[in-house]
Amino acid sequence: LAFSFEYVGLPFIVAYNAFQTGTGRGWVILLTTLLSSFIFRIPVAYLLGFVFNMGILGVAYAIPIATIVGATLSFIFYRVYRNKPISLVK
């Protein structure tokens with residue numbers, strides 16, 4: 001059941017990533033993916049799985065939690081950069 005919650009936030013992340021790619025801001029995708037996957041998902045999985053003794057269920061809950069964090073980060077970057085002009089030539 002925990003894995004199915006990940007698919008609720010996934011379309012938002014894909015849409016925001018497509019927007020960032022289309023506007024030439026691929027670094028935003030890299031940053032949100034690294035933050036949600038490595039900086040957030042792994043520590044939360046460890047905390048829920050081992051520190052709070054939830055076992056594999058805690059690890060399973062960490063996946064949709066990290067997806068929600070990734071969607072939130074993507075939305076924040078979208079709100080910040082949606083009206084910024086795009087410079088194709090530096």
Side-chain angles (χ1 to χ4, degrees):
L1 182 65
F3 290 111
S4 64
F5 288 120
E6 181 176 16
Y7 295 107
V8 173
L10 202 56
F12 296 104
I13 295 173
V14 171
Y16 294 137
N17 286 349
F19 171 79
Q20 298 297 352
T21 301
T23 56
R25 296 184 182 101
W27 64 269
V28 172
I29 300 168
L30 175 68
L31 184 63
T32 56
T33 302
L34 288 175
L35 288 174
S36 69
S37 296
F38 294 110
I39 304 301
F40 195 80
R41 184 175 296 181
I42 293 172
V44 169
Y46 179 79
L47 284 173
L48 293 177
F50 296 109
V51 175
F52 294 117
N53 293 323
M54 292 178 69
I56 193 70
L57 186 63
V59 174
Y61 283 143
I63 295 169
I65 291 170
T67 301
I68 291 169
V69 169
T72 304
L73 288 172
S74 296
F75 181 72
I76 290 169
F77 278 112
Y78 167 75
R79 296 284 295 184
V80 169
Y81 288 106
R82 70 181 173 172
N83 293 326
K84 303 272 187 202
I86 301 167
S87 174
L88 298 177
V89 180
K90 294 194 180 216

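Because only heavy atoms are used, hydrogens play no part in the values below, and waters and symmetry mates are left out as well, while side chains stay in.
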Anything under 3.5 Å between a donor and an acceptor, one on a side chain of residues 70-82, the other on a protein residue two or more places apart or in another chain? List them.
{"unit_1": "Thr72", "atom_1": "OG1", "unit_2": "Ile68", "atom_2": "O", "d": "2.8"}
{"unit_1": "Ser74", "atom_1": "OG", "unit_2": "Gly70", "atom_2": "O", "d": "3.0"}

For residues 38-59, dump all side-chain donor-acceptor pairs below 3.5 Å to protein atoms at least two apart in sequence or in another chain.
none

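- The shortest heavy-atom contact between Thr23 and Gln20 is OG1-O, 3.2 Å.
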Only distances under 3.5 Å count here; give the side-chain donor-acceptor pairs of residues 27-34 to other protein atoms, sequence neighbours excluded, each with its distance to 0.1 Å.
{"unit_1": "Thr32", "atom_1": "OG1", "unit_2": "Val28", "atom_2": "O", "d": "3.1"}
{"unit_1": "Thr32", "atom_1": "OG1", "unit_2": "Ile29", "atom_2": "O", "d": "3.2"}
{"unit_1": "Thr33", "atom_1": "OG1", "unit_2": "Ile29", "atom_2": "O", "d": "2.8"}

